[in-house]
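Each chain gets a letter, A, B and so on, in the order its sequence line appears, and its residues count up from 1.
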Protein chains: 2
Amino acid sequence: MAPSRLAAEKRQHIVETAYRLFKRGGFHATGIDRIIAEAEVAKMTMYRHFPNKDGLIAEVLDWRTARFERQLDRLAETAQTPDDKIATILDWYQRWFDSPDFHGCLFQHALAEFGEPDHVVFKAVTRQKDGLKRRMRDILAARMPGERAASIAATLLMLLEGATLLAQMGQGKAAIADMRQAAARILDAPG
Amino acid sequence: MAPSRLAAEKRQHIVETAYRLFKRGGFHATGIDRIIAEAEVAKMTMYRHFPNKDGLIAEVLDWRTARFERQLDRLAETAQTPDDKIATILDWYQRWFDSPDFHGCLFQHALAEFGEPDHVVFKAVTRQKDGLKRRMRDILAARMPGERAASIAATLLMLLEGATLLAQMGQGKAAIADMRQAAARILDAPG
DNA sequence: CTCAAGTGAGACAGACCTGTCTCACCTTTG
DNA sequence: CAAAGGTGAGACAGGTCTGTCTCACTTGAG
């Protein structure tokens, strides 16, 4: 039978509550008991919707990936040139770093705690990073050969990931500024 | 009383065993019981040398930082120009990515699991990253104004951290190549 | 030799973990 | 109304976690 409307809402509520707790406390350190207490949900309700904790984590990451990519695609529509589209991504990161409950990248953290390439969580992380890289590559491909677009997209991804790390260590402001300079130099360089 | 020679050796053995296990399995997921079993050491021996698990983790990171910086400083002596010194650092990362039991950066992982800025582990992470950035800044300062050296050092650090992340996702080869191109463009750009 | 420090082995406490199960209750649907 | 699926609350099992403690033994220092 198809899940009822209320069941789907409960499921989504669990995902968002778990997201908030994982972001603050990490994955292994955040217990199921804590999640169901915070979500005000019975334990069996959680285990009826998700096979186990790892499955919940992967679902949380995939949900977050979808939200992230929606925001990114919407932003890309507001800009005209490829360079402007890339700039809106950097703007997005800058706002993220400045947001009050910034705790670093949940996907980086997931990779740290689930480093086995076959693990369902590991795969959810690669999906997010590959999606971001592909979006930047597609943006740049309108302005340069595909191979060079792929290379620069990878470079920008590295800069973004490194900047996120520095931001988690309290150096977000400088990291954004330095990243903008570097991005400008890389994009302006002769092909 | 000063610790005996054997006691110091045991202590060091615990640190190196914990390092190996943390690298593979993460921090929360690796239990004390596993560490002392692998190190073939009594539990009380471990707790006599370290105040608690967090203290052991911080010690492991600091030991690893010292080893890393020794290697870096030794490499820097073999190169002449600032650009060559930076290149030897990139070479070091490339060899690291290709090493058989590469599992990503232990400091990134520690930051993911201990995100509280006041935590002893968090501080050990910032020490390592700041140390690396400072070394690159000092290298570059021989070739450009101090402010620009600091900015480029931060950019290179971001690239290195991002490349390490990509390497953990199996894209180390391409990441190194793209990073080298980006570094060359950034270093060659007009001041 | 003598004594103290260090150690190995393991029991132990108390807490927490994941995941299963029961049972009474509610709500939705036919 | 009646049947069935979803839920809340919590007990429960079996395991693991950190950290403390005891006791017998070994090893190093004076």
Side-chain angles (χ1 to χ4, degrees), chain A residues 1-19 21-22 24-61 109-110 112-114 116 119-121 124, chain B residues 1-22 24-61 109-110 112-114 116 119-122 124:
Chain A
M1 183 184 177
S4 72
R5 202 194 84 253
L6 277 184
E9 282 175 3
K10 283 243 179 274
R11 180 192 168 92
Q12 184 57 24
H13 181 58
I14 294 171
V15 166
E16 296 183 18
T17 304
Y19 164 66
L21 294 176
F22 286 147
R24 274 186 185 280
F27 298 97
H28 283 99
T30 301
I32 294 285
D33 286 347
R34 178 77 193 284
I35 294 172
I36 64 171
E38 203 88 5
E40 291 178 307
V41 147
K43 188 176 270 196
M44 272 315 288
T45 302
M46 183 260 159
Y47 275 104
R48 206 174 304 110
H49 283 299
F50 306 95
N52 49 39
K53 189 182 178 182
D54 289 352
L56 171 62
I57 295 174
E59 195 105 1
V60 167
L61 293 180
H109 299 173
E113 296 202 47
F114 303 91
E116 291 293 321
H119 197 285
V120 60
V121 171
Chain B
M1 183 181 175
S4 71
R5 201 193 85 252
L6 277 183
E9 283 174 2
K10 282 243 178 277
R11 180 193 169 90
Q12 184 56 25
H13 181 58
I14 293 171
V15 167
E16 296 183 18
T17 304
Y19 164 67
R20 183 165 44 84
L21 294 176
F22 286 147
R24 271 186 188 280
F27 297 98
H28 283 100
T30 301
I32 294 285
D33 286 348
R34 177 76 193 285
I35 295 171
I36 63 171
E38 203 86 5
E40 292 179 306
V41 146
K43 189 176 268 197
M44 272 314 289
T45 302
M46 183 261 159
Y47 275 104
R48 206 175 303 111
H49 283 299
F50 307 96
N52 49 39
K53 189 182 179 183
D54 289 352
L56 170 63
I57 295 174
E59 195 104 0
V60 166
L61 294 180
H109 299 173
E113 296 201 47
F114 302 91
E116 291 294 320
H119 198 285
V120 60
V121 171
F122 185 101

Calculate the interatomic distance between [X] atom [atom1] and [N] atom [atom2]; express it in whole Å.
{"X": "A:Met44", "N": "D:dA9", "atom1": "CE", "atom2": "C1'", "result": "13 Å"}
{"X": "B:Glu40", "N": "C:dG10", "atom1": "CD", "atom2": "C1'", "result": "16 Å"}
{"X": "B:Lys10", "N": "D:dG28", "atom1": "NZ", "atom2": "P", "result": "11 Å"}
{"X": "A:Arg11", "N": "D:dG5", "atom1": "CZ", "atom2": "P", "result": "19 Å"}
{"X": "A:Glu9", "N": "C:dT28", "atom1": "CD", "atom2": "P", "result": "11 Å"}
{"X": "B:Arg34", "N": "D:dG15", "atom1": "CZ", "atom2": "C1'", "result": "16 Å"}
{"X": "A:Arg48", "N": "D:dG6", "atom1": "CZ", "atom2": "C1'", "result": "6 Å"}
{"X": "A:Asp54", "N": "C:dC17", "atom1": "CG", "atom2": "C1'", "result": "13 Å"}

| Donor-acceptor pair, B:Lys53 side chain versus B:Phe27 backbone, under 3.5 Å? | yes
Mind checking what makes salt bridge (charged side-chain N to carboxylate O under 4.0 Å, His left out) contact with [X], not counting sequence neighbours?
{"X": "B:Glu38", "result": "B:Arg20, B:Arg34"}
{"X": "B:Arg24", "result": "none"}
{"X": "A:Arg48", "result": "none"}

| task | Please determine, for the side chain of B:Tyr47, which listed nucleotide (D:dT20, C:dT20, D:dT7) has the closest atom? | result | D:dT20
| request: Consider the side chain of B:Lys53, meaning its heavy atoms from C-beta on, and name the nucleotide among C:dG19, D:dT18, C:dG8 that approaches it most closely. | output: D:dT18
Distances for protein N/O vs nucleotides 12-14 of chain C N/O pairs under 3.5 angstrom?
none

| With sequence neighbours excluded, residues passing side-chain contact (heavy atoms from CB on, under 4.5 Å) with B:Ala58 | B:Val120
| field | Contacts of A:Tyr19 that satisfy ring pair (Phe, Tyr, Trp, His ring centres under 6.0 Å) - sequence neighbours left out | value | A:Trp63
Can you sort out the partners of [X] under side chain to side chain donor-acceptor pair (under 3.5 Å), two or more places apart, ordered by chain and number?
{"X": "A:Gln12", "result": "A:Glu16"}
{"X": "B:His28", "result": "B:Glu113"}
{"X": "B:Asn52", "result": "none"}
{"X": "B:Lys43", "result": "B:Asp33"}

| Taking five pairs at each end of the helix from C:dC1-D:dG30 to C:dG30-D:dC1, what angle separates the two helix axes (nearest 10°)? | 20°
| Are B:Phe122 and B:Phe114 close enough that their ring centers fall under 6.0 Å? | no
| query | Should A:Thr45 be listed as having a side-chain N or O under 4.0 Å from OP1 or OP2 of D:dG6? | reply | no
| request: Can you sort out which residues in residues 26-33 of chain A have a heavy atom within less than 4.0 Å of DNA chain D? Ascending by number, please. | output: none
